[in-house]
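Here the structure is a predicted model, which is why all the values come from computation and not from measurement. Residues: numbered from 1 along the sequence shown.
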Amino acid sequence: MPYIPHTDADIQTMLETIGVSSIEQLFDEIPAALRCGELETLPESVTEAEVTRLMQSRANQDAGSLCFIGAGAYEHYIPAAIWEITTRGEYYSAYTPYQAEASQGTLQLLYEFQSMMAALTGMDASNASLYDGASGLAEAILMAVRCNRKSKAKQILMPRSVHPNYRKVVETLVKNQGISLLEVAFNPDTGKMDLTALTAFADEDIAAVVIPQPNFFGVLEEVDALTDWAHQHKALAIGLVNPLSLGILEAPGNWGESGADIACGEGQPLGIPLSSGGPYFGFICCKKALVRQMPGRIIGATVDMEGKPGYTLTLQAREQHIRRSKATSNICTNQGLMVTAATIYMAMLGAKGLEQTARTCHHHTRQILEKFTAIEGIEAVFNSPYFHELVLSFNMPIPQLLRSLAAHNVLGGYDLSQDYPELGNSLLVCATELRTEEDIERYADLLNRIVAKVGNRNCPIKPKF
């Protein structure tokens, strides 16, 4: 059954009315060089039943494996009530709250989300989410450039320890706006942003410094010193954070003497399943002085003429939704359903629940470090505090190791060789609260057999810097 309701006769009548002979003629002003042509690799249409079988088979590929991969998307326990509530009709279908009097439920939920995120990050205000963490960082950088009127050079210090995909997305979104991303190296011993490397930028005109906490390696940065350095050099400090880690780590708003100026990140750890890659949602929070430059929706609380509480969109120019070419950002929507789940998740766990979950994640990662590095041929790459991820080096090629583990239904971690070849045969391993002692023992036992077997043939291969 076609999804276009117009019959051939309907289409012909409309074409005759506007004075053209074919639909193709409506697009004749587009140069041929810009057209993609026939979609030759697109498969033939299939029935609903065939589509269902295909999607089920793909979903089964991700099911049942023991996952130790993190790298920006984390497998956490999600209480059943979260999505039972989220998928109720009044939440599931709610979308655009432009008509405030008819959208009070949606607006109140978004207001509660903003309140929780502002409290979690220690900032004054939050928006009602973005597309994902990577675009959230790009928006934070664009926001910082607009806000920092003391800087004219539009230069951003971007640590190499920021997620490689985030750096690629940011480059794509800001490169045509005259913004330069200046790469800052990490210390090969600690995995942290190299503070000595910042001296090379001391005399530069820097608009903002990106500070990941934890960074892509799971390492905890010296956020107080980095924030103070940014402010001393008239730059804004952008905290790129894992929201779950803030259950035990210092909030960005409290970093250094005066706190970070902007906080952003990926909200997936807050009750969003891995879902084979999404959808997820990004968040961004800031100090009150910068709030008018914050992209996305902002919900305000007020009272009506009868003194009853009410909620509405606030602090946004009309251009944000109507004349988008004049807007401060292309963000005029959000990941509303994901935010609904995250709000319910945070409300259900509360501060103590978030703290307990974060502590359990860290405890399990400590167990991984202790058990795995006791195996000959495996070493920790960095000697720094970490949250729930760490980098390990092996005496064998990582793709070979991961294939051996996958054969036993274990997803062993993220291969760093493509993004960080200087780290040699290194693997980023993550443990959340879902990984039990039995899971870690099983992984360690497999490593013992795989690595020991290779070790009998090869010498350990260590990272080269």
Side-chain angles (χ1 to χ4, degrees), residues 1-59 61-62 87 89-100 102-103 106 110 127-136 138-139 142 165 168-178 275-282 295-297 313 316-340:
M1 183 180 75
Y3 290 94
I4 300 174
H6 307 303
T7 66
D8 292 339
D10 291 336
I11 295 172
Q12 190 58 42
T13 299
M14 287 188 285
L15 291 174
E16 291 174 357
T17 300
I18 61 177
V20 296
S21 60
S22 67
I23 292 178
E24 180 64 24
Q25 190 177 342
L26 297 174
F27 302 96
D28 60 2
E29 63 186 48
I30 301 176
L34 297 180
R35 301 192 182 196
C36 65
E38 296 293 328
L39 302 177
E40 297 177 355
T41 59
L42 194 68
E44 294 295 324
S45 60
V46 295
T47 66
E48 180 181 343
E50 289 171 321
V51 170
T52 300
R53 283 196 295 271
L54 175 63
M55 298 309 294
Q56 286 176 341
S57 67
R58 290 181 176 177
Q61 293 175 8
D62 294 336
T87 52
E90 56 264 55
Y91 288 122
Y92 204 52
S93 60
Y95 180 58
T96 303
Y98 293 144
Q99 190 177 357
S103 306
T106 299
L110 295 177
N127 78 351
S129 87
L130 302 165
Y131 298 127
D132 56 27
S135 60
E139 288 292 343
L142 293 170
N165 290 348
K168 292 175 184 177
V169 170
V170 170
E171 174 68 20
T172 298
L173 294 180
V174 308
K175 66 181 180 181
N176 292 323
Q177 302 195 45
S275 304
S276 301
Y280 302 149
F281 75 93
R297 292 180 180 145
L313 292 171
Q316 287 187 306
R318 185 176 178 83
E319 287 78 8
Q320 185 77 11
H321 306 286
I322 308 300
R323 295 185 298 166
R324 293 175 63 184
S325 62
K326 301 292 185 180
T328 56
S329 166
N330 74 320
I331 299 291
C332 64
T333 187
N334 69 344
Q335 297 284 33
L337 191 64
M338 303 302 109
V339 165
T340 299

* Rounded to the nearest 0.5 Å, how far apart are CD of Gln335 and OG1 of Thr340? -> 11.0 Å
* To do: Report the residues that fulfil side chain to side chain donor-acceptor pair (under 3.5 Å) with Ser21, sequence neighbours left out, ordered by chain and then residue number.
  => Gln25
* Structure fact -> Separation between CZ (Phe281) and CG (Asp132), nearest 0.5 Å, reads 11.0 Å
* Quick one: list whatever passes side chain to side chain donor-acceptor pair (under 3.5 Å) with Ser22, sequence neighbours left out. => none
* Can you tell me how far CD of Glu29 sits from CG of Leu34, rounded to the nearest 0.5 angstrom? -> 11.5 Å
* Side-chain touch Gln12/Asp8, heavy atoms, less than 4.5 angstrom -> no
* Under the side chain to side chain contact (heavy atoms under 4.5 Å, CB included) rule, collect the residues that match up with Gln61, sequence neighbours excluded. => none
* Asked: Among all residues two or more places apart in sequence or in another chain, which pass the side chain to side chain donor-acceptor pair (under 3.5 Å) test with Ser57?
  -> none
* To do: Evaluate whether atom CD of Glu50 has more than 12 neighbouring non-hydrogen atoms of other residues, nucleotides or ligands under 6.0 angstrom away.
  => yes
* Compare all side-chain heavy atoms of Ile18 with those of Leu26 and state whether any distance is below 4.5 angstrom. => yes
* To do: Sorted by first residue and then second, give each salt bridge (Lys or Arg N to Asp or Glu O under 4.0 Å) pair with at least one member in residues 12-22; sequence neighbours left out.
  => none
* Test side chain to side chain contact (heavy atoms under 4.5 Å, CB included) applied to Thr172 - qualifying residues, sequence neighbours left out -> none
* Structure fact -> Smallest heavy-atom separation, Leu173 atom then Ala138 atom, equals CD1-CB, 3.5 Å
* List in chain and number order the residues that pass side chain to side chain contact (heavy atoms under 4.5 Å, CB included) with Thr7, two or more places apart in sequence or in another chain; answer none if no residue qualifies. => Ala9, Asp10
* **Sequence-distant partners of Tyr280, ring-ring contact (aromatic ring centres under 6.0 Å, His included), two or more places apart** => none
* Could you tell me which residues satisfy side chain to side chain donor-acceptor pair (under 3.5 Å) with Glu40, sequence neighbours excluded, listed by chain and number? => none
* Structure fact -> The side chain to side chain contact (heavy atoms under 4.5 Å, CB included) partners of Val51 (sequence neighbours excluded) come to Val46, Met55
* How would you list, by chain and number, every residue that makes a salt bridge (Lys or Arg N to Asp or Glu O under 4.0 Å) with Glu24, sequence neighbours excluded? -> Arg35
